[in-house]
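Working notes, beginning with the structure itself.
To find a chain, count down the sequence lines: A is the first, B the second, and so on, and within it residues start at 1. If you're wondering where the values come from, they're calculated on a predicted model, not measured in any experiment.
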Amino acid sequence: MEHIWINISEELPSISDVHSFLYASQGGGVCVFSGITRLQTNGRVTEKLSYESHKTMALKEMRRLADVATERWPVLRIAMLHRTGTVQVGEPSVLIGVATAHRGPAFEATQFLIDELKKSVQIWKKESFLNGEEEWVSTIWQDTD
Amino acid sequence: MEHIWINISEELPSISDVHSFLYASQGGGVCVFSGITRLQTNGRVTEKLSYESHKTMALKEMRRLADVATERWPVLRIAMLHRTGTVQVGEPSVLIGVATAHRGPAFEATQFLIDELKKSVQIWKKESFLNGEEEWVSTIWQDTD
Amino acid sequence: MIVVTLRFFSVLREAFGAGVVEVELDPGTTGSGLIELLAANNEDFAALQSVVRLAINDEYVELDTPLSDGDDIAFITPVSGG
Amino acid sequence: MIVVTLRFFSVLREAFGAGVVEVELDPGTTGSGLIELLAANNEDFAALQSVVRLAINDEYVELDTPLSDGDDIAFITPVSGG
């Protein structure tokens, strides 16, 4: 079985399927990060986020990042899963999971993958506030690792 | 609702219940660590692990660690859940989860909690190998943080 | 003339009112030539032109790359996923 | 005489063949006095006596603490959870 699971779609796989995939590595440590639509940002109350991707480029870039992590840490399995469309407050937009034999590299690789995903994967987020304002989140290009 | 969920029992809560609890904080980042029975340790093939606790002391110590993490990081919710009894290869014995507004502290607090749990929480593990050998895992007292 | 497909996302998609557009260009037009052309016609695009990256057929390219008939050209603004 | 409850776990539970034992002790017996007594009667315990921590009623105590009638005494070896 392929050790990397990459997906972009309107719905995330279930969190238990993600864990089953990672546990099946029979490694000792599994770290899973969920990025959630936060209720408040800089004092404004968020109603929802909407995500859009250049799907073919984004999938390739996620695969590249997983390959970098696989070279850099002794990872057994990696899951990188991102939603598109509307994500309500308290719901996850992204799941990053890594299974390793020992726990240290699971934390490091998971944090690396979410940090890098935010810098380079071709996905964009629009924020809708409870007061009716909407805006595409404005960022700058950051150096990738 | 209480922001800390501590549990020691023969069965872990479902991973989706753990995530629902953490997502409900409406924070932006959730990190969940699972400690899994690893197939191989130092070249020996593990069949299963068995865990035993001094439950009342262990629960108090887990609570103390969650309180330390709550003081040290801006955590919204913490889950610290440990199984006792037999844990087969590829199954989780412990789940540590932290929800925070931003992702950095979620990783840091989760790693702190699993590191400290292994040093001070009154739980012991017996390893059963496929060749029939059994032994209580031998450790030393480590400084706690 | 050459015919290329332009792909816009997020703020640029809204700026142009469409995600996918086919356009005819003079042969020899480069990536930066195309960007100048679009910036001259759309001020939202112009505001972002200095940070836009160009990808042809899903690979980033230098801006001085000459475009070819049938190219699938994506305009990538700084990303904000996660 | 005082009566106390002893709680053993993992390797010590197996060494003594029981997790919970009630014993009678001389009044004034301290934690370390009890440990010496147990070490003299059980070599597996003796091998671990230097690393054992003592808890009375779920709180760690100094080894020179005098024991009281009704104390619930746990012998805690280095932990290995997770």
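- The parts of B/His54 that come within reach of chain D are both its backbone and its side chain, each placing non-hydrogen atoms under 4.5 angstrom from that chain.
- Contacts of B/Lys126 with chain D are made by side-chain atoms alone, with heavy-atom separations under 4.5 Å and no backbone atom involved.
- Residue B/Ser93 touches chain D through its side chain alone, counting heavy-atom pairs closer than 4.5 Å.
- Not counting sequence neighbours, the partners of D/Glu59 by the side-chain contact (heavy atoms from CB on, under 4.5 Å) test are B/Lys60.
- Enclosure of atom CD in B/Glu133 by more than 12 non-hydrogen atoms of other residues, nucleotides or ligands within 6.0 angstrom is indicated.
- Side-chain contact check for B/Trp136 versus D/Leu12: every heavy-atom pair is 4.5 Å or farther apart.
- Both the backbone and the side chain of B/Val137 come within contact range of chain D, each with at least one heavy atom under 4.5 Å from a heavy atom of that chain.
- Contacts of B/Ser50 with chain D are absent, with no heavy-atom separation under 4.5 Å from either backbone or side chain.
- Each of D/Arg13, D/Arg53, D/Arg7, D/Glu14 has some count of heavy-atom pairs under 4.5 Å with chain B, and the biggest count is that of D/Arg53.
- Contacts between residues 24-47 of chain B and chain D, defined by a heavy-atom separation under 4.5 Å, are made by no residue at all.
- The shortest non-hydrogen separation linking D/Ala74 to B/Met57 is CB-SD, 4.4 Å.
- Pairing each heavy atom of D/Gly82 with each of B/Ile114, the nearest pair is CA-CD1, 4.5 Å.
- Only the backbone of B/Ser120 has a heavy atom closer than 4.5 Å to any heavy atom of chain D.
- In this structure, chain D has heavy atoms under 4.5 Å from both the backbone and the side chain of B/Gln122.
- The two atoms that bring D/Phe8 and B/Glu52 nearest to each other are O-OE2, 4.3 Å, heavy atoms only.
- What you find for D/Val79 and B/Trp124 is that their closest heavy atoms are CA-NE1, 3.7 Å.
- Your options are B/Glu135, B/His82, B/Glu61, and the one with the most heavy-atom pairs under 4.5 Å with chain D is B/His82.
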